[in-house]
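Below is one structure, written out as structure tokens; the observations come after it.
Just so it is clear, the structure is predicted and the values come from calculations on it, not from any experiment.
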Amino acid sequence: MHELTESDYDILHAMENIVDGIAAMWGEHTEVLLHCLDANNPSIIKIANGHITGREVGAPITNIALVKLNEGKDVSDAYITKSPDGKTLRSLTTIIRNKQNKAIGMLCVNSNLDAPFQSMMQSLLPNIHSHFEFGVTSETFARNNDEMMHSSIENVREQVVSDSSIPPSKKSREIVTRLHELGIFDLKDSAQIAAKGLDISIHTIYRYLREIRSH
């Protein structure tokens, strides 16, 4: 380790949102932390879900972290550790380097394997039931815009068709409304693709869009 410069700290501070982002993705049973490797004070400068190991900002670097630092791998293999109160943790450590390729920090992720399964799933899938109840369209991982549009149109069409609270005479307009809210009609040739997929005329789609945009 060496004394960090101001630019080194700029790099580390720019990564603090990543800590929050990973923690938000994996939920309350995953601790995420950012170590600085300043020789004067190697310690945690950002932590999320610190309740898992009982640590907070300012806590010192661990012996295992130092081992990982000296292994020569910028991204460690996953390994098993124990928290101070006996939790079994699946951990992974990533080395952060500056432009001179010197190690200036470590991003560490610790998942509590002893957490109750139901609680873990609830953390990974927050509010899943309410999403399904309100018919939110599932995310589409398409390879191109046409594929994405076809998939989005079909998803929305299935939702609306299966929703008995929407009168049959209103279903086409509701589909167009939801596609508009998704931003589908901002894409090239979207109206033509929607018209074909919904088996309605393109003039009807344009009429619905004019009505929607006028409100």
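Shown here for Ile52 and Ser83, the closest heavy-atom pair between the two residues is O-CB, 3.7 Å. When all heavy atoms of Leu92 and Ala78 are compared, the pair lying nearest together is CD1-N, 4.3 Å. Closest non-hydrogen pair, Thr81 versus Ser91, comes out as OG1-OG, 3.2 Å. Ile200 and Ser172 get closest at one heavy-atom pair: CG2-OG, 3.9 Å. Nearest heavy-atom pair, Leu179 versus Ser152, reported as atom, atom and distance to 0.1 Å: CD2-O, 4.0 Å. Heavy-atom minimum distance, Ile22 versus Val109: CG2-CG2, 4.4 Å.
Leu182 is connected to Tyr208 through a chain of hydrophobic side-chain contacts under 4.5 Å among Ile, Leu, Val, Met, Phe, Trp and Tyr, so both are in one cluster. Under a hydrophobic-cluster definition in which Ile, Leu, Val, Met, Phe, Trp and Tyr are linked whenever side-chain heavy atoms come within less than 4.5 Å, directly or via other members, Ile44 and Leu34 are assigned to different clusters. No chain of hydrophobic side-chain contacts below 4.5 Å, direct or via other Ile, Leu, Val, Met, Phe, Trp or Tyr residues, connects Ile61 to Val57. Under the 4.5 Å side-chain heavy-atom criterion for Ile, Leu, Val, Met, Phe, Trp and Tyr, Val176 and Val161 are members of distinct hydrophobic clusters. Leu33 and Met106 fall into different hydrophobic clusters, where Ile, Leu, Val, Met, Phe, Trp and Tyr are joined by side-chain heavy atoms under 4.5 Å apart, directly or via other members.
Tested against Glu31, the residues Lys87, His51, Arg55 include a single side-chain hydrogen bond (donor to acceptor under 3.5 Å, both in side chains) partner, Arg55. Val19 pairs with exactly one of Leu107, Ile47, Ile45 by the side chain to side chain contact (heavy atoms under 4.5 Å, CB included) rule, that one being Leu107.
Using a 4.5 Å heavy-atom threshold, the side chains of Thr5 and Gln100 count as separate. Inter-residue side-chain proximity for Ile205 and Phe185 is flagged as met; some heavy-atom pair is nearer than 4.5 Å. Lys46 is not listed as a side-chain neighbour of Met15, based on a closest heavy-atom distance of 4.5 Å or more. In this structure the side chain of Lys73 never reaches within 4.5 angstrom of the side chain of Ile95, judged on heavy atoms. Residues Thr88 and Lys82 meet the side-chain proximity criterion, which asks for heavy atoms closer than 4.5 Å. In this structure, the side chains of Glu181 and Ile212 stay at 4.5 Å or more apart for every pair of heavy atoms.
Shown here is Lys170, whose NZ atom has no more than 12 heavy atoms of other residues, nucleotides or ligands within 6.0 Å. The local environment of CD in Glu56 is sparse, with at most 12 non-hydrogen atoms from other residues, nucleotides or ligands closer than 6.0 Å.
Put simply, NZ on Lys188 and CD1 on Ile193 are 10.5 Å apart, with the number rounded to the nearest 0.5 Å. The NE2 atom of His13 sits 9.5 Å away from atom CD of Glu6, with the distance rounded to the nearest 0.5 Å. Taken from CG in Asn40 to NE2 in His2, the straight-line distance is 11.0 Å, to the nearest 0.5 Å. A distance of 7.5 Å separates CD1 of Ile18 from CD1 of Ile96, quoted to the nearest 0.5 Å. The distance from atom CD1 of Ile80 to atom CG of Asn110, rounded to the nearest 0.5 Å, is 10.5 Å. Atom CZ of Arg173 sits about 12.0 Å away from atom CD1 of Ile166, to the nearest 0.5 Å.
The backbone N or O of Ile184 lies less than 3.5 Å from a partner atom in the side chain of Ser190, making a donor-acceptor pair. Judged purely by atom type and a 3.5 angstrom limit, Lys102 has no side-chain atom pairing as donor or acceptor with the backbone of Leu4. Formation of a donor-acceptor pair under 3.5 Å by the Ser43 side chain with backbone atoms of Asn41 is found in this model. Between the side chain of Asn49 and the backbone N or O of Gly27 there is at least one donor-acceptor pair closer than 3.5 Å. A donor-acceptor pair under 3.5 Å is absent between the side-chain atoms of Asn112 and the main chain of His29, judged by distance alone. At least one donor-acceptor pair under 3.5 Å links the side chain of Ser76 to the backbone N or O of Thr93.
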Could you walk me through whether Arg157 and Glu154 pass the salt bridge (charged side-chain N to carboxylate O under 4.0 Å, His left out) test, one step at a time?
-> CA-CA 5 Å; Arg157 189 191 68 79; Glu154 182 58 24; 2.8 Å; yes
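Considering only residues two or more places apart in sequence or on other chains, Asp199 meets the salt bridge (charged side-chain N to carboxylate O under 4.0 Å, His left out) condition with none of them. Residues passing the salt bridge (charged side-chain N to carboxylate O under 4.0 Å, His left out) test with Arg207, sequence neighbours excluded: Glu211.
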